[in-house]
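Beneath this line is the structure, given in structure tokens, with notes to follow.
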Amino acid sequence: MFEVAIEALATIFQPGVLVYLISGIFIGLLVGILPGLGGVVGMSILLPFIYGMEPTAAMGLLIGMTAVTSSSDTFPSVLLGVPGSSSAQATVLDGYPMSQQGRAGEALGAAFVSSLIGGLFGAGIMFAGIFIARPLVLAFGSPHLFMLTLLGLSLVALLAKGAMRLGLFSGALGLLLGAVGGAPTTPVYRFSFDQMYLFDGIPLAILAIGLFAIPELVDLIREKRSVSSESMPRGGLLTGAKASIRNIPLVMRSAGIGSFVGIIPGLGGALGQWLAYGITANTSKDKKSYGKGNVRGVIAPESATNASEGGALIPTLMFGIPGSGTMAVMLGGLVLIGIQPGPSMATTNLSLTVSVVWMLVLANVVACSVLLLLARQVSKIAMVPAQIFAPFLLVILVVASYQSTRHWGDILALVILGALGWLMKRGGIPRPPLLIGFVLSVPAERYLWTSIERFGYSWIFDPYVIVIGFLTLLLVYVGLRTQGVADVGNLRENVKKVQS
Amino acid sequence: MKSDQNEKTSKKNNSTSLETPNIPRLILLAFGSFLFVYAFIESQEFSGTAGHFPTWVSLIGIILALSVVIPEVARGCKWLRKTKIRTPKKIEMIQSARYYATPWLWLTGFLIMIWGLGVMPASGLFVAAFLWFEARIRSLFWIIFSSVVTMSLLYYFGELMNMEWPNSLL
């Protein structure tokens, strides 16, 4: 166990890997700071460029970006009262009032240090999770992995904000779009309309950019968001950092909640932060001070969000079940660089899996140091109005999309999928299940085919298959009965109140 | 007591029925339903095992689509029956369509420019035009500077990462 850890540590300090990891960290910091963008947008932009890269270097780029987005998206939450991404919503509740009281530095200092500790905690959970899940992963065959893909998809649909039926509809659409192109079992081209561009299927990067980045960009242009011209006041960072250290039991408890929530597909950092915030506010003696600038209201969600990244990587890497849109893009990225998530991550690629833990550690340490040292300078980026950076972002998105297959079809597909993503956003149809369905489509079909080829239909009576199947049906039943998960308390409404 | 409850129920029903239908959702659900039906029919033509997976997925998709489309359409019909669309509402709708179309027009314009001029000049021109018309920046220096920086960065990263650009008319 420790030999693998040391071997993995040596891997990430190779110059080729370290450069990409650091690049990923800086891209992640930038993506997080710009309001409205998030990990999934950043990941989608990077995806076309990682094709053909050395696996560890490509992982460094992707992990570096993912790990720090949730640290840097605190800037818009605290300074502007606008969540940088969905994983920074709860921070607005107390972060923004602190900023209005002239304590922005304190809020940011507390957020960065709690993010760091949360991130390290998440990395520790991931390290332990790899070795705990290893025997289970190795015991699983194709029938179990097929059932797990169904379970993962049901979970994501169940936990989609809004009605579960819409989530399932979205997931089914993703599975269908994933079936476009050559069939994995026989030499047949499906739904390709005799277009050579579609013979290899729809490129994942185009789908991810279209579904997530284009709708955000369109809304950025449309909303003409007014941005405060005041930058961050001097001082207070150290006070905030000390507050995090003083509240270490709270940081650890919130990080624990975040990690646990992150492991369960579909829950993700967004719910983890709300749970951590809700528990902290409700168990506190001075409940009334929350929402009015209590530093503990910043510490709890920030540590939970960053810790959830480590947790979310366990099902993604070990079982091939992405729990969120970001993880789905990462899963697709792994396939692009020739790594098949699942049992191989616990055997032949174990060193690579463990190296991800070190990447998380390093990314969090670097991000926290950079943010603490350059907070005032970095905060100015958050003040850039959306109208200014939108044209540059559009150029990047179009150029990045074209690198997928270097065909005009990439650009046409980008527009069509962008319109689809935008309509989904406007129509309140959850987008992550579509992306996850798309990513899981080919493995699900392959696992199903392998199971039938090897075991006929007898695999259906395997005890593990029955248990997972029962769990899936139970979740779907519960989801349909409750029509999706209600927002945690009415905390999301509170964000709107704070913003207004 | 019972009449109070009835009143509450009727108020609740009225508020639900008067809720404006979500047009993008309806469009998408209709499109999705069509897609699933088409995929189901097409899947029957695939030879061997290639048709099994899409057949099942499209069948499940059709059931799910129907379970969502029917209540949505019923809600929309109820809304149409109970709401008289006033002329100002139509004007509002046109204004709203223009408001939503603007970003898409910028995107389409940029793609047409790429097709006509190539990525590099199109990007420079697009950034300049956007900053002038949309962001209302009136400093020529900053506009020219932004365009030149965009083109230079594209060139630099294109060379560094061996990127390719789409073919254009020029």
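All heavy atoms count here, side chains included; hydrogens, waters and symmetry mates do not. By convention in this document, chain letters (A, B, ...) are assigned in the order of the sequence lines, proteins followed by strands, and residues within each chain are numbered from 1.
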Under 4.5 Å from a heavy atom of chain A, the part of [X] involved:
X      : answer
B:L153 : neither
B:V119 : side chain
B:T108 : neither
B:I63  : neither
B:T150 : side chain

Within a reach of under 6.0 Å around [atom1] of [X], are more than 12 heavy atoms found that belong to other residues, nucleotides or ligands?
X      : atom1 : result
A:Y20  : OH    : no
B:W56  : CH2   : no
B:F157 : CZ    : no
B:Y155 : OH    : no
A:F26  : CZ    : no

Interface moiety of [X] toward chain B, non-hydrogen atoms closer than 4.5 Å:
X      : answer
A:V399 : side chain
A:V188 : side chain
A:A172 : both
A:F169 : both
A:Q403 : side chain
A:I388 : both
A:R406 : side chain
A:I214 : side chain

Using a cut-off of under 4.5 Å for heavy-atom pairs, which of [options] has the most such pairs with chain B?
options                        : answer
A:G427, A:A444, A:G437         : A:G427
A:L394, A:L175, A:L414, A:L397 : A:L394
A:G182, A:S441, A:P48          : A:S441
A:W422, A:W449, A:F49          : A:W422
A:A179, A:G178, A:A419         : A:A419

| request: Decide yes or no for B:E42 and A:R190: does some side-chain heavy atom of the first lie under 4.5 Å from some side-chain heavy atom of the second? | output: no
| message | Within the structure provided, determine whether A:L434 and A:L207 are in side-chain contact (heavy-atom separation under 4.5 Å). | response |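 In contact.
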| request: Classify the side-chain pair A:D410/A:S401 by whether it contains a donor and acceptor separated by less than 3.5 Å. | output: no
| field | Pair A:Y189, A:D194: side-chain N/O donor-acceptor within cut-off below 3.5 Å | value | no
| field | Closest non-hydrogen atom pair, A:M147 against A:W459 | value |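 Minimum heavy-atom separation between A:M147 and A:W459: SD-CZ3, 4.2 Å.
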| Looking only at heavy atoms, what is the nearest atom pair of A:W408 and B:P166, with distance? | NE1-CB, 3.6 Å
| request: Would you mind telling me which of B:W115, B:F31, B:W106 has the largest number of heavy-atom pairs within less than 4.5 Å of chain A? | output: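 Highest number of pairs under 4.5 Å: B:W115.
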| Among B:I60, B:L111, B:V149, which has the most heavy-atom pairs under 4.5 Å with chain A? |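 Ranked by contacts with chain A, first place is B:L111.
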| request: Would you please test A:F191 and B:F46 for ring-ring contact (aromatic ring centres under 6.0 Å, His included) and show each step? | output: CA-CA 10 Å; A:F191 314 119; B:F46 299 140; 5.3 Å; yes
